[in-house]
Amino acid sequence: MSNIGSYEERLPGFDWAIAKETLGWQDGELLNIGHMATDRICAQGKAEKTALIWEGFGDAKKTYTFDDMRVITNGYARFLQEVGVQPGDRVCIFMDKSPSLYQSFLGTLKMGAVAQPLFSAFGDDSLEVRLASAGTRAIVTTQKHVKKVRKIQERLPELKHVIVVEGNPAKLREGELFFDVEAAPRVENFESYKTDENSPSVLHYTSGTTGQPKGAQHAHGSVWGQALTSSWVLDLQDDDVYWCTADPGWVTGTSYGIIGPWVLGVTQCVLDVGFTSARWYKFLQDNKVTIWYSAPTAIRSLMRDGTDLVKQYDLKHLRNLCSVGEPLNAEAVVWSEEAFGRPFLDTFWQTETGAMMITNYPGMKVKPGSMGKPFPGIEAAVLDLKTHVPHTEPGKVGLIAFRPGWPAMFRTYRGQEDVYRSKFFGADENEKPEELRKNTNLWYVSGDRASIDADGYYWFVGRDDDVINTGGHLVGPFEIESALIEHEAIAEAAVVGKPDKVNMEVVKAFVTLNPGFDFDDMMELSVMNFIRKSLSPLAMPQEIEVMEKLPKTRSGKILRRYLKALEWGEDVGDLSTLEDD
Ligand code: 6R9
């Protein structure tokens, strides 16, 4: 029997208090995610249960019990405290998916600071923008990645502590701190900071259409949403072995790769090596994974390698498969039934929503290609594109919107209250974030388009903005355009998503050149590498097209939409606003 039982029966009279019941939560207990994911589980008699199974390159494998996690996270929390990090300070976690990432993340939360995880493949520019915006006080990293921090540190006056937790201490520079939690004295007891549901917890940067990335600030109260969706959608149960393939640099990797499963006391596996289908299947097999949360790009890559390969592995333990991050095409759902004997359940949500919003459920009929239905307690709609009134007729395309107030909802965009406000239709210009969050007359607008069918199933249509979704990762065109024009050869740039069979979209750049530069293969490679190193491999254009002139509006704004429509072979629409020759 699945945890949710019947979706329909969960709807009437739904109350988020059921999340507390699910965790056996008593009023007056300490609401701190770091504590709840470790100490609280140990106190339930699960101290010796495996919390984390980690595999890296070669035969590297490490296993940690909940008690190991409790003591190690205590060590991080104490160390940060001793260094002088204060509750509320931002602590960036910047490393590959090693056990230290998970442990320093929880240690940061335990001592009341805000965990700001960043994807370790980010280059120095991507890092700098996000650390500057967050006013980050400390960064926890590894010797492998500290070089990028050194390049930008001088320009970050608020960054006081560079803490290296893996590598060779002899290679550190003056002022950098080395911390080896396993060699340090055991910290048996640490009193976690008394956070409450409104205390800031995790800060995730996400890309929008305009401007640099925005910091979506979450609070400890998110745990109710993350725990209940982990229970009802992922269907995590006590004896499960769970694998979330996402990197904690992105929200899936924290909400469902750290918080949800561990506050439920479930064993998690982490694989910290690059993707190959065979390696993934071996990992599933060796660890007897029962619940698997992944992304459409990965599923399409597995699909490309065929069903015969799947059949060479013993994957009979798999009980529930879920997917997030981009549209899950019907073919991938049908294929997964053939390959694994069960469909991937598509789940829709965002960095901003903090937890799943529209999803499929164990036991509910799957319509391949549909995202499913709103989670109980979530009031969702698709709004007319012009009037912003909810559509009542099935099949009409509109903007996906939610009534504010669910527990995992982001609390603001750090330092950008006006941008936060702009996400709520009907908001008054004086409304503060904490008011907007409770105002159920408003709609929070996701920035995506969908339709709802006669049975209440949601069907994703596309984004309502210019953000590019490549392999389930959002990249903002503005950030790439800004980096491109830093290259000596490039005068102007416009960046759009281009269709791709596996990654759904890849980055394509249109550029004009500065006088005296020719665009040959060498130059193209130089520009690509420039972006890969300064931003990330995800942001690197897969194609660069040189134009004499970029299409613009009369007011001089580059018309990305026009270029995008060309790439997608769509009707380019009304060009009357284009600049005259
Ligand atoms: C969790 C996460 C959010 C954006 C979202 C939408 C796209 C996510 C999807 C999906 C179609 C799904 N997206 N899930 N599109 N079907 N099931 O991915 O957060 O990185 O903020 O991305 O991703 O466009 O608005 P985030």
Side-chain angles (χ1 to χ4, degrees), residues 117-119 202-209 213-218 222 225-226 229-230 233-234 244-260 293-300 321-330 332-333 343-361 366-375 380 382 397 399-402 408-410 413 423 444-452 457-477 479 497 503-505 536 538-539:
L118 289 178
F119 185 41
V202 183
L203 180 64
H204 269 298
Y205 274 79
T206 182
S207 299
T209 312
K214 304 178 290 277
Q217 179 65 66
H218 288 280
S222 68
Q226 291 152 343
T229 49
S230 292
V233 182
L234 298 174
C244 170
T245 63
D247 186 300
W250 314 104
V251 73
T252 306
T254 58
S255 290
Y256 297 102
I258 301 182
I259 304 172
Y293 196 18
S294 199
T297 290
I299 301 163
R300 286 191 291 267
L321 321 178
C322 296
S323 163
V324 64
E326 8 152 15
L328 181 64
N329 43 318
V333 178
F344 266 93
L345 303 182
D346 192 10
T347 69
F348 170 89
W349 57 290
Q350 305 180 298
T351 302
E352 288 86 344
T353 68
M356 297 169 187
M357 299 299 276
I358 298 173
T359 102
N360 290 278
Y361 305 85
V366 173
K367 295 193 186 186
S370 157
M371 309 194 292
K373 298 186 179 189
F375 193 79
V382 300
V397 174
L399 300 168
I400 303 177
F402 305 104
M409 181 177 183
F410 72 138
Y413 286 124
K423 298 286 284 189
Y444 163 79
V445 187
S446 73
D448 292 293
R449 295 182 182 192
S451 66
I452 311 174
Y457 282 72
Y458 282 63
W459 297 80
F460 187 80
V461 172
R463 287 196 60 102
D464 190 51
D465 60 17
D466 294 340
V467 173
I468 300 161
N469 188 333
T470 179
H473 299 110
L474 302 187
V475 293
E479 195 179 12
N503 290 293
M504 192 173 93
E505 286 185 301
S536 74
L538 300 172

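Below, each value reflects all heavy atoms present in this structure, side chains not excepted, and no hydrogens, waters or symmetry copies. Whatever order the structure lists ligands and atoms in, that order sets their numbers, starting from 1.
Here is the list of ligand 1 atoms found below 4.0 Å of a heavy atom in D346: 12 (C), 17 (N). Interface atoms of ligand 1 facing P327, defined by a heavy-atom separation under 4.0 Å, are 11 (C), 15 (N), 16 (N). Residue V324 approaches ligand 1 through these ligand atoms, each under 4.0 Å from one of its heavy atoms: 1 (C), 14 (N). Close contacts between ligand 1 and V251 involve ligand atoms 1 (C), 19 (O) [criterion: under 4.0 Å to a heavy atom]. In summary, the atoms of ligand 1 found under 4.0 Å from a heavy atom of T347, numbered by their order in the structure, are 12 (C), 14 (N), 17 (N). Close approach to M371 involves these atoms of ligand 1, each under 4.0 Å from a residue heavy atom: 16 (N). Interface of F348 with ligand 1, defined as ligand atoms under 4.0 Å from a residue heavy atom, comprises 6 (C), 9 (C), 10 (C), 12 (C), 14 (N), 17 (N). Residue T252 approaches ligand 1 through these ligand atoms, each under 4.0 Å from one of its heavy atoms: 1 (C).
For atom 18 (O) of ligand 1, the nearest non-hydrogen atom of the protein is G325 CA, 3.6 Å. Here the heavy atom of the protein found nearest to atom 24 (O) of ligand 1 is D448 OD1, 2.6 Å. For atom 2 (C) of ligand 1, the closest heavy atom belonging to the protein is W349 O, 3.7 Å. In this structure, atom 19 (O) of ligand 1 lies nearest to the protein heavy atom T351 N, 3.3 Å. For atom 4 (C) of ligand 1, the closest non-hydrogen atom of the protein is R463 NH1, 3.7 Å. Of all protein heavy atoms, the one lying nearest to atom 12 (C) of ligand 1 is E326 O, 3.4 Å.
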Side chain to side chain contact (heavy atoms under 4.5 Å, CB included) between F119 and L538, intermediate numbers included
CA-CA 11 Å; F119 185 41; L538 300 172; 3.8 Å; yes

Step-by-step side chain to side chain contact (heavy atoms under 4.5 Å, CB included) determination, L328 to I299
CA-CA 9 Å; L328 181 64; I299 301 163; 3.8 Å; yes

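Checked by atom type and distance alone, the side chain of S255 never pairs as donor or acceptor with a backbone atom of T252 at under 3.5 Å. With hydrogens and angles ignored, the 3.5 Å screen pairs no side-chain donor or acceptor of E352 with any backbone N or O of A216. In this structure, H204 contributes its side chain and G354 its backbone to no donor-acceptor pair below 3.5 Å.
In this structure, the separation between CG on D465 and CG on D448 is 7.5 Å, given to the nearest 0.5 Å.
No side-chain donor from either of T353 and Y444 sits under 3.5 Å from a side-chain acceptor of the other. S294 and S323 are not linked by any side-chain donor-acceptor pair at a separation below 3.5 angstrom, with hydrogens and angles left out of the test. A donor-acceptor contact closer than 3.5 angstrom is absent between the side chains of Y458 and S451.
The pair E326-R300 meets the salt-bridge criterion, since a charged nitrogen lies less than 4.0 angstrom from a carboxylate oxygen.
In this structure, the salt bridge (charged side-chain N to carboxylate O under 4.0 Å, His left out) partners of E505, at least two apart in sequence or on a different chain, are K564.
Of the heavy atoms in N469, only side-chain atoms (C-beta onward) come closer than 4.0 Å to ligand 1. Only side-chain heavy atoms of F460 come within less than 4.0 Å of ligand 1; its backbone N, CA, C and O stay farther off.
Heavy-atom distances between L474 and ligand 1 reach below 4.0 Å in at least one pair. Using a 4.0 Å heavy-atom cutoff, W250 is absent from the residues neighbouring ligand 1.
Aromatic pair W349/Y256: centroids less than 6.0 angstrom apart.
Taking only nitrogen or oxygen atoms, main chain and side chain alike, S446 does not reach within less than 3.5 Å of ligand 1.
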